[in-house]
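Just so it is clear: chains get the letters A, B, ... in the order the sequence lines come, proteins before strands, and each one is counted from 1.
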There are 2 protein chains.
Amino acid sequence: MSDTSLAGDLRRRIIAGEFAPGERLSEAALAARLDVSRNTLREAFRALAQHGLVEHVPNRGVSVASPTTADVVDIYRARRQIECGVLRDASPLHPGVAAMRQEVERAEAAVEQGDWATVGTANMAFHRALVSLSDSPRLERAHEQLSAELRLAFLAIADFESLHRPFVTRNRAVLDALVDEGPEAAAAELERYLTESERRILGAYARLGRA
Amino acid sequence: MSDTSLAGDLRRRIIAGEFAPGERLSEAALAARLDVSRNTLREAFRALAQHGLVEHVPNRGVSVASPTTADVVDIYRARRQIECGVLRDASPLHPGVAAMRQEVERAEAAVEQGDWATVGTANMAFHRALVSLSDSPRLERAHEQLSAELRLAFLAIADFESLHRPFVTRNRAVLDALVDEGPEAAAAELERYLTESERRILGAYARLGRA
DNA sequence: GGACCCGCATTGTTCAACAATCGTTGCCAC
DNA sequence: GTGGCAACGATTGTTGAACAATGCGGGTCC
């Protein structure tokens with residue numbers, strides 16, 4: 001997915017929460033830890049910075065991105081635009097619908113076992129599959145970037161259960177609406193989903209006393 | 001706009017057509033020409049690659065991107081999704097509308113003087129201003145990437161007059177529709193614009209016998 | 001307490017070298 | 001002539017060390 005395996009590796013580590021959002025990433029220290037040269041690491045940083053996963057301030061190094069409330073609001077505005085738009089133009093017969101169903105079922109199974117991390121990744125995979133209905137690599141790429149940033153917000157909040165559990169049934173509702181009632185109804189359902197999800201994150205941010 | 005000034009510099013050079021689309025960019029040669037180190041240049045390459053401006057194939061270096069017909073189709077699909085969606089939600093009272101009008105007038109003035117390069121940049125600036133109506137940095141960023149790639153398609157075709165002249169009046173029509181008839185009518189007008197523009201590029205590609 | 005200055009740590013950039021990989025060229029057998 | 005095969009050359013990938021440039025914090029002086 002990423003050019004250098006190093007960038008992909010770092011990306012995975014960040015998304016996995018190995019580095020806290022906002023944490024400063026020292027070139028020398030990280031290069032030593034990953035056993036790569038500083039120059040190679042800097043190349044990877046440039047790639048990640050364009051993804052919005054790390055923030056790069058000239059002469060002050062890079063930190064793991066830490067979305068502010070303004071960022072969250074913007075991410076959801078963009079998500080609404082992309083996901084709802086895609087869904088409105090989507091066909092219920094698109095092969096990607098099977099992938100959506102698969103992720104919903106994976107999430108439902110994970111809920112049974114209280115595995116909230118898996119619930120979260122399945123939820124996000126559901127929306128990735130949703131965007132894949134557009135058959136547009138560029139829309140998928142844009143959405144992928146939004147998801148990565150959003151994941152950092154989830155990490156900052158850490159309460160996976162309250163962030164992800166309520167949305168399994170909502171994802172199921174979107175899927176059912178698409179199959180049974182058509183794209184327009186599904187888009188409306190999705191819009192409700194996104195509004196609710198955004199509200200919940202902002203609420204958690206407020207409780208954390210966060211910018 | 002870009003982190004390192006070098007990446008921005010390269011970006012400007014590529015967009016200005018200093019390097020032909022598809023041209024291979026040798027690290028050693030370009031580093032010498034720009035009077036920077038190979039390492040620094042490689043960092044800039046990584047940033048540009050994520051923008052879609054250059055293509056990076058491991059062990060085979062980077063080339064200036066050269067959109068295929070499939071790319072053009074995808075770019076327009078994404079543009080339609082983003083631009084039309086933004087316009088539908090836009091208010092005619094948004095300050096960005098003034099910027100749109102300014103660009104339309106700049107394009108109209110350039111048409112008078114036969115300055116097709118300026119017509120082209122004004123047309124693209126019009127659409128950037130249009131997306132700015134969303135007040136969403138992330139949507140603007142995504143759109144900016146699409147524009148940069150599209151510009152490479154324009155460069156490959158080179159016939160600026162036939163690519164840009166017909167669309168000045170269409171941009172004007174979109175603006176007028178937004179102000180006089182509201183967002184929905186403007187979005188419909190914009191959709192016609194995009195369809196026509198896409199058709200014209202694909203036609204030119206076909207005449208060039210291009211992939 | 002506030003402004004100024006200096007030193008320290010980190011980033012930015014360069015250079016030279018070597019390993020890894022790709023494409024090509026020339027050779028040989030068939 | 002054609003098809004594979006091996007060595008070569010060129011380019012990219014990565015490293016390590018060095019030095020310049022910048023930002024930050026501590027200390028001093030008023």
Side-chain angles (χ1 to χ4, degrees), chain A residues 1-14 18-68 141 148-149 152 211, chain B residues 1-14 18-68 141 148-149 152 211:
Chain A
M1 179 167 292
S2 289
D3 42 344
T4 314
S5 71
L6 177 61
D9 184 36
L10 256 179
R11 182 191 153 91
R12 255 171 281 124
R13 285 171 187 258
I14 292 174
E18 188 164 328
F19 307 97
E23 179 179 346
R24 174 95 168 275
L25 296 179
S26 156
E27 293 186 356
L30 195 55
R33 173 166 165 192
L34 298 180
D35 198 47
V36 294
S37 146
R38 246 185 83 211
N39 280 320
T40 310
L41 180 61
R42 283 171 61 88
E43 278 187 30
F45 277 168
R46 293 305 170 274
L48 292 177
Q50 298 296 330
H51 277 286
L53 257 173
V54 302
E55 196 179 355
H56 173 53
V57 184
N59 290 315
R60 257 191 282 173
V62 313
S63 328
V64 179
S66 182
T68 64
R141 185 179 65 177
E149 285 191 85
L152 295 177
Chain B
M1 178 169 295
S2 290
D3 42 348
T4 314
S5 70
L6 176 61
D9 183 38
L10 257 180
R11 185 190 151 91
R12 256 172 278 122
R13 284 171 188 258
I14 291 174
E18 188 165 326
F19 308 96
E23 180 179 346
R24 173 94 168 276
L25 297 177
S26 156
E27 293 186 359
L30 194 56
R33 173 166 165 194
L34 299 180
D35 199 47
V36 295
S37 144
R38 246 185 82 210
N39 280 321
T40 312
L41 180 61
R42 284 171 61 88
E43 278 188 30
F45 276 168
R46 293 304 170 274
L48 292 178
Q50 298 295 331
H51 277 286
L53 258 173
V54 302
E55 196 178 357
H56 173 52
V57 184
N59 290 312
R60 259 192 278 173
V62 313
S63 329
V64 179
S66 182
T68 64
R141 185 179 64 175
E149 285 192 86
L152 295 177

_Applying side chain to side chain contact (heavy atoms under 4.5 Å, CB included) to B:L10 and B:L41, what does each step give before you reach the verdict?_
CA-CA 9 Å; B:L10 257 180; B:L41 180 61; 3.7 Å; yes
*Carefully, step by step, assess A:N39 and B:R42 under the rule side chain to side chain contact (heavy atoms under 4.5 Å, CB included).*
CA-CA 10 Å; A:N39 280 320; B:R42 284 171 61 88; over 6 Å; no
*Applying side chain to side chain contact (heavy atoms under 4.5 Å, CB included), run through B:F19 and B:V54 and close with a yes or a no.*
CA-CA 11 Å; B:F19 308 96; B:V54 302; over 6 Å; no
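The separation between A:L6 atom CG and D:dG13 atom P is 13 Å, rounded to whole Å. If you measure from atom CZ of A:F45 to atom C1' of C:dT10, you get 12 Å, rounded to the nearest angstrom. Nucleotide D:dT12 holds its C1' atom 9 Å from the CZ atom of B:R46, rounded to whole Å. Rounding to whole angstrom units, CG of residue B:L25 and P of D:dA10 are separated by 20 Å. Here the P atom of nucleotide D:dA10 and the CG atom of B:N59 are 18 Å apart, to the nearest Å. As rounded to whole Å, 14 Å separates atom P of D:dT22 from atom CZ of A:R60.
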*asked:* Walk along nucleotides 15-20 of chain D from 5' to 3' and tag each nucleotide B, S or - by protein heavy-atom contact under 4.0 Å, base first, then sugar-phosphate.
replied: BBBB--
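Smallest separation of non-hydrogen atoms from B:A65 and B:G52: CB-O, 3.4 Å.
Contact of the A:H56 side chain with the A:R46 side chain is registered, since non-hydrogen atoms from C-beta on lie closer than 4.5 Å.
For B:R141, the salt bridge (Lys or Arg N to Asp or Glu O under 4.0 Å) test picks out A:E149, with sequence neighbours left out.
Comparing C:dT11, C:dG12, D:dT12 against the side chain of B:E27 picks out D:dT12 as the nearest.
To the nearest 0.5 angstrom, B:I14 atom CD1 is 6.0 Å from B:L25 atom CG. Distance CG/B:L48 to CD/B:E55: 13.5 Å, rounded to 0.5 Å.
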Atom pairs, protein N/O to nucleotides 5-8 of chain C N/O, distance under 3.5 Å:
none

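Salt-bridge check for A:E18 with A:R33: passed, with a basic side-chain N closer than 4.0 Å to an acidic carboxylate O.
Between B:R42 and C:dG12 there is no side-chain polar atom (N or O) within less than 4.0 angstrom of OP1 or OP2.
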